[in-house]
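Comments concern the structure below.
In this chain, numbering begins with 1 at the start of the sequence shown.
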Amino acid sequence: MSDLRNKRIITVATTGAWPTKENNPNVPLQPVEIAEEVYNCWKAGAAIAHLHVREDDSTPSMNFQKFDEVVGLIRAKKDCDIILNITTSGGIGLKEADRLKPFYELKPEIATFDCGTMNWAHSTIFENSPKFLVKLGGMMQEVGVKPEIEVFDPGMIYNAAYYIKTGVLKAPYHFQFCMRVPGGIKGTTKNLVFMRDTMEEVAPGSTWSAFGVGASAMEIMYAAIAMGGHIRVGMEDNVLYKRGVLAESNVQFVERARRCIEEFTLEVATPAEARQILGL
Ligand code: ZN
């Protein structure tokens, strides 16, 4: 295994809560198609799969049976060692108990820890109350699931500082900088540098990954790779592969991410290497 500092982890977020077949007919929404897509993305170089599920009518969901099915189907592929990362949000306004159950029962290696509440896309409230976050952090420690600290603006990084201080989050920390979500920070290189520097202030030496939704995707991907970060791609964040062109699959995003990493003369981390980098 060569130097881990030259490795970059690709996370694929195949589904998310929002894209529909009307937005892009290729977005995988049901368990069999999600599992198949994750498997193909793993073959293309993704080390982590960030998972969401939908109801039969495609609405955003934290339906435990659906998660159980997706996770079961992926784990049944015996050659596939991809790291699973289960969302704890799943959409807006979902019940806390439903948000907590999938990671607690299914024990993926990673689950998301959305480190604050925000006005989501100028339409609704993405609620992660202090009480919920304390409970979430405690339950993650209880079952040994690593939090991916998702931050949508710098204030959320300072929230993380508080949860680090109070022991709700335990080292080693891993951050995901989620950029250009309306209501959060804009997806620019300057802002990514600020996010990384703020993280270094509160949790020096932590690992981090970044993505920009929509039009900021390429800038944030290039900047993150150049700055030593890991990256996330996929249809949760973009239904377009490039301006005016619908993505054919999540694999297409993973393949492009791989090419970009390799153009930097870096290497794509395997799941085994990602486990070492993240301390799983
Ligand atoms: Zn997500």
Side-chain angles (χ1 to χ4, degrees), residues 9-92 94 98-99 101-103 105-106 108-112 148 150 176 178 181 209 211-214 217 221 231-242 244-259 268 271 274:
I9 300 166
I10 302 173
T11 291
V12 67
T14 58
T15 303
W18 308 113
T20 63
K21 297 277 186 190
E22 285 76 55
N23 301 133
N24 184 330
N26 302 317
V27 61
L29 299 180
Q30 293 305 321
V32 170
E33 50 181 2
I34 294 171
E36 216 36 58
E37 189 88 330
V38 165
Y39 184 67
N40 292 331
C41 288
W42 166 73
K43 283 199 278 192
I48 302 175
H50 171 66
L51 302 174
H52 282 249
V53 298
R54 304 293 183 85
E55 295 298 330
D56 289 334
D57 66 0
S58 304
T59 52
S61 173
M62 286 301 290
N63 183 322
F64 179 77
Q65 296 311 323
K66 296 277 191 188
F67 275 108
D68 193 29
E69 208 179 326
V70 173
V71 168
L73 287 165
I74 297 169
R75 286 178 174 161
K77 295 180 189 295
K78 289 301 173 202
D79 57 333
C80 179
D81 63 346
I82 197 163
I83 297 163
L84 300 183
N85 167 342
I86 291 185
T87 183
T88 60
S89 301
I92 297 290
L94 298 170
D98 294 341
R99 293 175 62 181
K101 187 174 177 183
F103 86 81
E105 299 285 332
L106 298 170
E109 287 169 89
I110 303 174
T112 54
E148 178 184 69
E150 286 196 318
Q176 182 73 264
C178 314
V181 173
S209 171
F211 67 88
V213 304
M221 180 166 72
I231 56 177
R232 167 172 137 174
V233 295
M235 289 198 207
E236 173 165 354
D237 309 321
N238 286 287
V239 291
L240 297 179
Y241 182 69
K242 54 185 174 185
V245 180
L246 289 178
E248 290 164 16
S249 68
N250 282 280
V251 174
Q252 202 182 13
F253 287 112
V254 174
E255 286 172 342
R256 179 168 66 186
R258 170 183 277 282
R259 289 196 301 274
V268 174

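In this structure, the salt bridge (Lys or Arg N to Asp or Glu O under 4.0 Å) partners of Lys77, at least two apart in sequence or on a different chain, are Glu36.
Taking all atoms of both residues into account, the shortest heavy-atom contact from Ile83 to Ala274 is CD1-CB, 3.7 Å. Residue Ser89 comes nearest to Leu94 through the heavy atom pair O-CD1, 3.4 Å, listed as atom of the first residue, atom of the second, then distance. Looking at every heavy atom in both residues, Lys21 comes nearest to Pro28 through NZ-CA, 4.4 Å. Across all their heavy atoms, Asn238 and Ala217 have their closest contact at ND2-CB, 3.4 Å. Heavy atoms only, all atoms of each residue included: Gly234 and Asn250 are closest at CA-OD1, 3.3 Å. Residues Phe253 and Leu240 come closest through the heavy atom pair CZ-O, 3.5 Å.
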Exercise for the section: Apply the test side chain to side chain donor-acceptor pair (under 3.5 Å) to residues Gln176 and Ser209: give CA-CA distance (whole Å), side-chain angles for both, the deciding distance (0.1 Å), then the verdict. Expected result: CA-CA 5 Å; Gln176 182 73 264; Ser209 171; 2.8 Å; yes
Handout entry: Trace of the side chain to side chain contact (heavy atoms under 4.5 Å, CB included) decision for Phe67 with Thr87
Key = CA-CA 10 Å; Phe67 275 108; Thr87 183; 3.9 Å; yes
Practice task
Begin from the C-alpha positions of Ser249 and Asn26 and carry the test side chain to side chain contact (heavy atoms under 4.5 Å, CB included) through to its verdict.
Solution key: CA-CA 6 Å; Ser249 68; Asn26 302 317; 5.6 Å; no
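A donor-acceptor contact shorter than 3.5 Å is absent between the side chain of Arg232 and the backbone of Asp237. Although no hydrogens or angles enter the test, the distance criterion places no donor-acceptor pair under 3.5 Å between the side chain of Asn40 and the main chain of Val251. In this structure a side-chain-to-backbone donor-acceptor pair under 3.5 Å is present from Gln30 to Glu55.
Going from atom OG1 of Thr88 over to atom CD of Glu148 covers 10.0 Å, rounded to the nearest 0.5 Å. Rounding to the nearest 0.5 angstrom, the gap separating the CD1 atom in Ile110 from the CD1 atom in Ile48 is 4.0 Å. In this structure, NE2 on His52 lies 14.5 Å from CE on Met235, to the nearest 0.5 angstrom.
In this structure, the side chains of Val239 and Val27 stay at 4.5 Å or more apart for every pair of heavy atoms. Side-chain contact between Arg259 and Glu255 is present, with heavy atoms from C-beta onward closer than 4.5 Å. Using a 4.5 Å heavy-atom threshold, the side chains of Leu51 and Thr15 count as separate. Side-chain contact between Thr14 and Glu33: absent, with no pair of heavy atoms (C-beta onward) separated by less than 4.5 Å. The shortest side-chain heavy-atom distance between Arg54 and Ile34 does not fall under the 4.5 Å cut-off. Looking only at side-chain heavy atoms (C-beta outward), Phe211 and Glu236 stay at 4.5 Å or farther from each other. At least one side-chain heavy atom of Phe64 sits less than 4.5 Å from a side-chain heavy atom of Leu106. Between Leu246 and Pro25 the shortest side-chain heavy-atom distance falls below 4.5 Å.
In the displayed structure, Glu248 atom CD is contacted under 6.0 Å by at most 12 heavy atoms of other residues, nucleotides or ligands.
The list of ring-ring contact (aromatic ring centres under 6.0 Å, His included) pairs with a residue in residues 25-45, not counting sequence neighbours, reads Tyr39-Trp42.
For Asp56 and Lys66, the salt-bridge test passes: some basic side-chain N is under 4.0 Å from an acidic carboxylate O.
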